[in-house]
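Just below is one structure, and these are the notes that go with it.
Sequence lines set the chain letters: A, B, ... in the order given, protein chains first and strands last, and positions in each chain run from 1. Nothing here was measured: the structure is a model prediction, and the numbers come from that model.
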2 protein chains.
Amino acid sequence: MGTTQLETVPEPKYWHLKTVLGEALDSEFTVGEILPNERELAARFGVARATLRQALEQLELEGRLQRRRGVGTTVAPPRLGVDVSATGAGGPGAPEDAWQPLDCALVAPPAAVARLLETGPSEEVHAVRRVRSTHGQCVAAELLYVPAASVPDLPAIETPSGPARARSVLRELQRAGVNGQDRSVELGSARADDAKELDRLPGAPVLVVTTRYLVDGRTAAVSLATYRADTCRLTFGDTGEIEISDDPQRERRAS
Amino acid sequence: MGTTQLETVPEPKYWHLKTVLGEALDSEFTVGEILPNERELAARFGVARATLRQALEQLELEGRLQRRRGVGTTVAPPRLGVDVSATGAGGPGAPEDAWQPLDCALVAPPAAVARLLETGPSEEVHAVRRVRSTHGQCVAAELLYVPAASVPDLPAIETPSGPARARSVLRELQRAGVNGQDRSVELGSARADDAKELDRLPGAPVLVVTTRYLVDGRTAAVSLATYRADTCRLTFGDTGEIEISDDPQRERRAS
DNA sequence: GAGTGGTCTAGACCACCTA
DNA sequence: AGGTGGTCTAGACCACTCA
């Protein structure tokens, strides 16, 4: 036992920092409050800025902080519970929670999607772009891939693209009689276009929800929806909305 | 339009690197193959090691790489589809996919769990620790919180802890007649103890599945299961198992 | 002991936002 | 224009694995 440290593994600095900062957030800060800037925090804790940033990154990943370039770092509100259960392709959705179709195009789907659709390697399909908003905030961007065979009655060429076309495709898919679906969730990083919709930088962590829409057991469409991982909690149950009833009005630091 | 760069935003180096490396992985590497070490890769691309690491980090987050200290960086296999739908507290589970109880203790649950359980602030509950293995690999670590009130017939003090005690609690919970559940999924980072079970470093990205087990509409237990985000894809549908049928035996570099 | 990835430093410059 | 977070560098040392 001479040279070996006895059972005390030296914790990385950034990990310890994260713990300390996390506790400070609980006790000394309120939601929305602005933290001191990174250079000052680093100096205050006696570490390099890169180390401090590593701790902040983790806290942001856990949804406890929100950082915006040119603005600052703020304390994040608790994650939004977003229902991802049975709301279908054009699901009803509460007034404050809705999908908004943006566009439509004919594209060759990515390989992973083509495999699920069981279409040929370079067969073009309709790609409907939608975004989902909850409580006035954009939380998800989606690409819905619909093979032409799934919407046989779609008018040929009314308008080649745009929201109207997107709505047509959705309507026809609905009419086809979707009667089943299965989903999977995995971690990903936002592509440039998704990042833009979600108001994040490219590469931001996202939860990718892949949905197969079934018509009589056959895959009629596939959707790739990317949810902001920092601000969202995906709920699946029927009574999923477990909101923490905090007093809505909290002290905010006067500026 | 004099000083502004005309529509060409300079892509960050690490982002471009990630793209290049990603394409190389698709075309020039096979699953399990070892990449050159970080210092050499950085030199080869003419960037600092930190920048190269930023690209590798992203690829690891997306499940395309696997890095292990002291060993090296390897090409990761496609993510495992792990079913997270209706397998109950002591669910049946396929032979190759099972939960294994490890331990049991009486603890005061974290605040978030206490809120879901609707127990008092410092009321102690049973905490059962389990790990889940699929295809011989540990993919998840779970803490199941069971209030004493939910398992009234639990023998008082047979053994205070250990796997046997854990199994008793699970059996009694099952007997209580769980008839509902709801789940939520969010991004988190592995705590030290979870990281150990999952063979990852603390702070590794995980998908946290929170499950409420219901008995006649009342919350009887709450489970926090952390799945390795790098290697797992959580599936929810009924026919969720969409496996890419690769040849199971692949060439691995001889050492 | 040699080689790997993980942590950390002290700087620099850039892109973005607000005023 | 000044301040913020985001990117990048060139080094150093540490913890771990394996032969």
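At whole-Å resolution of the value, NZ in A/Lys13 and C1' in C/dG6 are 14 Å apart. Nucleotide C/dA10 holds its C1' atom 15 Å from the CD atom of A/Glu38, rounded to whole Å. Note: CD (B/Glu11) to P (C/dC14) measures 18 Å, nearest angstrom. Rounded to whole Å, atom C1' of C/dG6 lies 14 Å from atom CG of B/Leu52.
With sequence neighbours excluded, no residue forms a side-chain hydrogen bond (donor to acceptor under 3.5 Å, both in side chains) with A/Gln66. By the salt bridge (Lys or Arg N to Asp or Glu O under 4.0 Å) test, A/Asp199 is found to be paired with no residue, residues two or more places apart in sequence or in another chain being considered. Annotation: side-chain hydrogen bond (donor to acceptor under 3.5 Å, both in side chains) contacts of A/Thr211 (sequence neighbours excluded): A/Arg183. In this view, B/Arg191 and B/Asp193, B/Asp194 satisfy the side-chain hydrogen bond (donor to acceptor under 3.5 Å, both in side chains) rule, not counting sequence neighbours. With sequence neighbours excluded, the residues satisfying side-chain contact (heavy atoms from CB on, under 4.5 Å) with A/Arg167 are A/Pro101, A/Pro163. With sequence neighbours excluded, the residues that form a side-chain contact (heavy atoms from CB on, under 4.5 Å) with A/Val71 are A/Arg68. Applying the side-chain hydrogen bond (donor to acceptor under 3.5 Å, both in side chains) criterion to B/Ser223, with sequence neighbours excluded, gives B/Glu142. Residues passing the salt bridge (Lys or Arg N to Asp or Glu O under 4.0 Å) test with A/Glu38 are A/Arg49, A/Arg53, A/Arg67, sequence neighbours excluded.
For C/dG5, the OP1/OP2 oxygens have no side-chain nitrogen or oxygen of B/Arg53 closer than 4.0 Å. For B/Asn37, no side-chain nitrogen or oxygen approaches OP1 or OP2 of C/dG3 to under 4.0 Å.
For DNA chain C, none of the residues of residues 196-208 of chain A falls under the heavy-atom distance limit of 4.0 Å. At a non-hydrogen distance threshold of 4.0 Å, B/Arg49 from residues 40-51 of chain B come into contact with DNA chain C. Of the residues in residues 54-73 of chain B, those lying under 4.0 Å from DNA chain D by heavy-atom distance are B/Gln54, B/Arg69, B/Gly70, B/Val71.
The CG atom of A/Leu59 sits 5.0 Å away from the CG atom of A/Leu65 when rounded to the nearest 0.5 Å.
Ring geometry, A/Trp99 versus A/Tyr227: the interplanar angle exceeds 60°, so the pair is classed perpendicular (tilted spans 30 to 60°).
Residue pairs that meet the salt bridge (charged side-chain N to carboxylate O under 4.0 Å, His left out) test with at least one member in residues 19-32 of chain A, sequence neighbours left out, are A/Asp26-A/Arg64.
Judged by distance alone, with hydrogens and angles left aside, A/Arg39 brings a side-chain donor or acceptor within reach of the base of D/dG5, the pair sitting under 3.5 Å.
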